[in-house]
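A short write-up of the structure that comes next.
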4 protein chains.
Amino acid sequence: MPLSDAQVQKMKQKRETILEQAIQMFAEHGYNDTTIAKVAKASGVSFGSVFTYFENKDQLFYAAVVEPLRVYAKELLDFDSNAEDTVAELRKMVTAHIKIFSSFETYLRLVVQVIGYHNRFAEPFAELDAFHNTFRGKIGELVKKGQEQGQLQVRDANYAATAYTSLLIGLRVNLTDSPDSQMWEKFVPFAMQLFGPKGE
Amino acid sequence: MPLSDAQVQKMKQKRETILEQAIQMFAEHGYNDTTIAKVAKASGVSFGSVFTYFENKDQLFYAAVVEPLRVYAKELLDFDSNAEDTVAELRKMVTAHIKIFSSFETYLRLVVQVIGYHNRFAEPFAELDAFHNTFRGKIGELVKKGQEQGQLQVRDANYAATAYTSLLIGLRVNLTDSPDSQMWEKFVPFAMQLFGPKGE
Amino acid sequence: MPLSDAQVQKMKQKRETILEQAIQMFAEHGYNDTTIAKVAKASGVSFGSVFTYFENKDQLFYAAVVEPLRVYAKELLDFDSNAEDTVAELRKMVTAHIKIFSSFETYLRLVVQVIGYHNRFAEPFAELDAFHNTFRGKIGELVKKGQEQGQLQVRDANYAATAYTSLLIGLRVNLTDSPDSQMWEKFVPFAMQLFGPKGE
Amino acid sequence: MPLSDAQVQKMKQKRETILEQAIQMFAEHGYNDTTIAKVAKASGVSFGSVFTYFENKDQLFYAAVVEPLRVYAKELLDFDSNAEDTVAELRKMVTAHIKIFSSFETYLRLVVQVIGYHNRFAEPFAELDAFHNTFRGKIGELVKKGQEQGQLQVRDANYAATAYTSLLIGLRVNLTDSPDSQMWEKFVPFAMQLFGPKGE
DNA sequence: TATGAATGAGGATTCATTCAT
DNA sequence: TATGAATGAATCCTCATTCAT
């Protein structure tokens, strides 16, 4: 007996709710202090149901880390590594990234944990690491282009990209309780400096 | 009957061993996956003995975070915020910091965890936060001086300091498995850029 | 999906079994020497299940003390404080009480422990104390009535009631291993004396 | 090297202090919640020293129960079972007993526990039981004499004695927090009734 | 599919007791 | 004799996971 469309919809919705609550709680209280029972309660389902949608706690954690990544990845990679005016594109990119990071508080807490315990969380870490490489790579390309055009001082573009992503994650770690995006914006010029724009 | 000096020494040594093992394991496997039994075994003592030296697991964790801080704090603050040649002092400072951070792998993993779950680890977090403020403050002073002397471009010195400490921590997070200090050194010029040195 | 009636019945039965075993063991071996594991084993359930029915050991103890009280209270208060023939009613009451106390061995051991450590067992003690006051009060009323009617010598009715309940509990303490109800019956006339019946 | 008298005195004193503290704490908090460490601390000695004076915790408990008994036994048996005026002697005895029991709060809490868990505390219980039999026996003799003299109504003297000791212990249990000896005195006439004095 | 009772492995902690100093 | 560090058995409790309904 196939499920009706309405039923499929309802189930999707339920899965979504559980995942959102899980992200919230994993980020806030960590893996161990987040119990399946608490997630279930916060989601308004029985804890048995959590196992209907996620094989086990590790899978739930994996999904909590990896699924948002797909969304955020797109936003973070939304810049043109072939742009003509490299510096302008970089500035647009940095501004967008800063804005995204300032609003990511919950999710990035999760990311930091995964990185911190990458032995324990090998699988989600692999995904994050893969994205990080893609991310750095694309930024590196843009930087390289800017250097070739003479708009940026010549330095190792990959290191510049790594310094840049490190600054982003470091700010997120340090400004733990500062959702105030105005303050975040102040860091745009500092981030730009890492790329060595000429005449600034 | 007071303990003999030899006794006292032996106890100090034992406490030290336990703490070192605890730091290692907390950093590697996190708070929850580090059991007292494992720490005891790694330290070559019975688990009951751990409780002789540390009131409970939370206190052990606290000590693991806070005691090394006292040592590292001194190293990290070892620069002159009144130096005449600001840029030279900054470069020396940055080089030293990069070196220190490159060797901190274990301890900084711990730090990242504490920051990530600062709700859970409120007390050690408070200590880290206090140090961070001192650290940023002293760097900010040096930057301010450089700006007054005209050696640095004028920007908000506190934000510069925050960007700098963020870069350091972000590098540590991103370069999780890179104890290679040669690679770390490459980041010195990028860090310097955050302070806006003129004519570089 | 609500539980079926049969399920609910089974659970009630299981809870009952656990509680009975707990009463038995708490009475026999005391709070500390009664482990959850032993109670579980005696009840034929896993020890995890005990926590399904009782929040923790203290709650189990509380239930073990308070739930039987509801039953016994009714039996003990089953006399008429407005009876016409006071002495006859008192004799009936005393006979009933003696019989009840003679059969209470297990439960009263528990009661004695709670009273003995009323600091430690504050909550169950409060319940017992409340019942004791009700019990004494009702007896006192009957005694007062008898005195007004001239059937009993005039003494403080409340002290008489306290002396009576003390005798009951004292007998239970002293005759620890005497379930022999024939012997208990012999104490009826002594108990009656406390009320000062005229012409006996 | 024999110990000096002063040293022997000091040790006796220390043992005494430990025992007093132990009685206090066993009575107040029970066997299990009274730790050797706490007793040692309250006594101003190291917990190792407790083991110098008492073989182990059980022996300490045994001493706490049995040693005071030797003192109290003498007081409780201080009446003349051959007295000419039986009723007067009984009244004197009851008055003395009530007074003693009213002041025994701590010790009798201990006694009640031993009786309550006589399986667990078999050895101290045996001592208490032996004393109880002696105590009842001597009272029984006096009662028997009074009956022979026609001063008391004829009833089973042993049951009367048991009823009497039960009333004493029951009062002690019930009046847990009433050190007020004035109130206790009110129970003298009730206790007397148990012996069936003629013409009262 | 949804529920929640049942299970038991795992872990922090307490504390009597031993024993070296 | 006095001390207190060392030990590890014992116990409460949590929680992921299974499975009958």
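Below, chain A is the first sequence line, B the second, and so on; all start at residue 1. Side chains are part of it too, since the values below use all heavy atoms of this structure and drop only hydrogens, waters and symmetry mates.
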(message) Using a 4.0 Å heavy-atom cut-off, does C:S49 contact any base of the nucleic acid, only the sugar-phosphate backbone, or nothing at all?
(response) base

Among [options], which nucleotide sits nearest the side chain of [X]?
{"X": "B:V45", "options": "F:dT7, F:dA16, E:dT13", "value": "F:dT7"}
{"X": "C:N56", "options": "F:dC13, E:dA12, F:dA2", "value": "F:dC13"}
{"X": "C:T52", "options": "E:dT1, F:dT3, E:dA6", "value": "E:dA6"}
{"X": "C:S46", "options": "F:dG8, E:dG8, F:dA5", "value": "E:dG8"}

(request) Counting Watson-Crick and G-U wobble pairs only, both distances under 3.5 Å, name the nucleotide matched with E:dA20, or none. (result)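 Base partner found: F:dT3.
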
Between [atom2] of [N] and [atom1] of [X], the distance in whole Å:
{"X": "A:F47", "N": "E:dT3", "atom1": "CZ", "atom2": "P", "answer": "11 Å"}
{"X": "C:K14", "N": "F:dA20", "atom1": "NZ", "atom2": "P", "answer": "13 Å"}
{"X": "C:M25", "N": "F:dC12", "atom1": "CE", "atom2": "P", "answer": "11 Å"}
{"X": "D:I18", "N": "F:dT1", "atom1": "CD1", "atom2": "P", "answer": "13 Å"}
{"X": "C:M11", "N": "E:dT3", "atom1": "CE", "atom2": "P", "answer": "16 Å"}
{"X": "A:Y53", "N": "E:dT1", "atom1": "OH", "atom2": "P", "answer": "8 Å"}
{"X": "C:F51", "N": "F:dT11", "atom1": "CZ", "atom2": "P", "answer": "13 Å"}
{"X": "A:D58", "N": "F:dC15", "atom1": "CG", "atom2": "P", "answer": "16 Å"}

(request) Run the ring-centre check on A:F121 versus A:Y31 and record whether the distance is less than 6.0 Å. (result)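 Distance test on ring centres: under 6.0 Å, yes.
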
(request) Verify the ring-centre separation between D:Y72 and D:F131: is it less than 6.0 angstrom? (result) no

(request) Determine yes or no for a side-chain-to-main-chain donor-acceptor pair under 3.5 angstrom, with D:T35 supplying the side chain and D:K38 the backbone. (result) yes

(request) Describe, in one word, how the ring planes of C:F51 and C:F47 are oriented to each other, choosing from parallel (under 30°), tilted (30 to 60°) and perpendicular (over 60°). (result)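 Taking C:F47 first and then C:F51, their aromatic rings stand perpendicular (interplane angle over 60°).
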
(request) Take A:K57 and C:K10, find for each the nucleotide of DNA chain F with the closest heavy atom, and name the residue whose nucleotide sits nearer the 5' end. (result) A:K57

(request) List the atom of A:H29, the atom of B:Y117, and the distance in Å for their closest heavy-atom pair. (result) C-CE2, 4.0 Å

